[in-house]
Amino acid sequence: MNRPPICVRISRAALHHNLAVIRRTAPQSKVMAVIKANAYGHGLIETARALAAADALAVARLDEAVMLREAGVQSPLVLLEGVATAEQLTEAAARNLELVVHDPSQLALLQESASTAGLVVWLKADTGMNRLGFRAEGFRTALAQLRAMPAPPREIRALTHLARAEEVDVDMTSQQISRFTALTHQARILVTSIGNSAGIFGWEAARSAWVRPGLALYGVSPFAASRQRPDLLPAMSFLTTVITVRKVPRGETVGYGAAWRAERDSRIAVLAAGYGDGVPRSLPNGAPVLIHAQRVAVVGRVSMDMLAVDVTDAPDVRVGDAAELWGTGLPVEEVADWAATIAYDLLCGVRGRVPHLYD
Ligand SMILES: *Cc1c(COP(=O)(O)O)cnc(C)c1O
């Protein structure tokens with residue numbers, strides 16, 4: 001097979017499909033595609049290019065936005081954490097970035113700057129997440145200050161972030177949405193943004209002028225497995241290769257710490273992928289890996305460059321065969337459950353040493 005021993009394959013068609021599903025679900029909303037953290041591990045620049053049809057892109061930090069602009073990406077680009085210094089503000093304005101303002105210190109920077117007149121500012125309301133943003137009173141004050149600036153921003157929009165939108169049967173999301181709607185209505189801000197992926201698919205009222213999907217774009221359901229998944233396609237497949245197959249007699253152990261013991265004479269395949277590539281070290285004995293479309297079980301501890309699987313019941317497995325750690329045949333959500341974490345963590349944890357191939 002003509003591919004590196006380990007790689008992630010990214011399907012542009014899946015990204016396009018997922019964007020289309022989001023547009024169908026929120027037909028009145030513009031889509032701000034969230035590509036922070038190396039596009040959740042999918043590759044910042046290539047993913048931005050593949051999602052050029054989104055109405056805007058969003059990243060967390062200035063350096064991510066600068067990389068995109070340097071690569072020639074011209075989409076509207078939102079800095080979700082805004083800027084922290086006057087130099088950053090000047091650069092952001094020069095690069096035509098839209099800024100989230102979530103803290104009084106950022107308001108002060110804007111007030112002291114000469115480069116605010118062309119800006120689009122997203123004022124962030126804290127409606128209960130208690131991470132970033134202004135609570136109601138502070139929001140009104142911040143807005144008044146922005147509007148009173150000698151060179152007010154070209155446009156002031158508002159956003160808030162939902163703390164538990166993936167839990168469709170709790171009140172908190174409705175409360176957050178109604179607080180935000182009351183606040184922005186009273187403030188006469190028409191352009192608003194609420195829903196992340198779970199908000200988009202779980203809460204009609206979270207589909208305001210703009211939606212901000214991350215996870216769903218990459219084909220991952222934001223909901224627990226018990227709830228029907230939206231019609232999304234996984235964009236990433238994390239692939240590796242069998243580099244040796246060995247017999248392990250009953251009673252012997254495999255790997256560091258002798259953390260797995262053979263209860264029968266076993267055939268063990270070693271794969272070229274470890275925690276140094278982004279395979280979670282917390283994957284326990286029994287976690288699934290896909291070889292020849294068959295599930296085989298992780299045995300022993302994941303090491304830096306390798307992990308082992310039990311192929312006793314998969315006698316056709318040979319050196320050189322491909323194995324899927326997660327992707328189109330093995331949902332990353334499921335692997336994340338095994339690793340006691342969330343899909344976000346696995347996706348954005350793929351290390352820089354792993355080549356990305358784009359289909
Ligand atoms: C990361 C992020 C998103 C995207 O969230 P998903 O759950 O991945 O859809 C949206 N808005 C903000 C402010 C974010 O930080």
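Each ligand, and each atom within it, is numbered from 1 in the order the structure gives. Residue indices begin at 1 and follow the sequence shown. Since the model is a prediction, treat every value here as computed from it, not as a measurement.
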Asks: Counting only heavy atoms not in Arg135 (residues, nucleotides, ligands), do more than 12 fall under 6.0 Å from its CZ?
Replies: no
Asks: Crowded around Arg188 CZ? As in, over 12 foreign heavy atoms under 6.0 Å?
Replies: no
Asks: Could you list the residues that satisfy side chain to side chain donor-acceptor pair (under 3.5 Å) with Asp345, not counting sequence neighbours?
Replies: Thr341
Asks: Side-chain heavy atoms nearer than 4.5 Å, only ILVMFWY residues, links allowed to pass through others: does that put Val78 and Val73 together?
Replies: yes
Asks: Protein residues near ligand 1, heavy-atom distance below 4.0 Å?
Replies: Val34, Lys36, Tyr40, Leu80, Lys124, His161, Asn196, Ser197, Arg212, Pro213, Gly214, Leu215, Tyr344
Asks: Calculate, to the nearest 0.5 Å, the distance between atoms NE2 and CG belonging to His16 and Leu233 respectively.
Replies: 12.5 Å
Asks: Are there more than 12 heavy atoms of other residues, nucleotides or ligands under 6.0 Å from atom CZ of Arg353?
Replies: yes
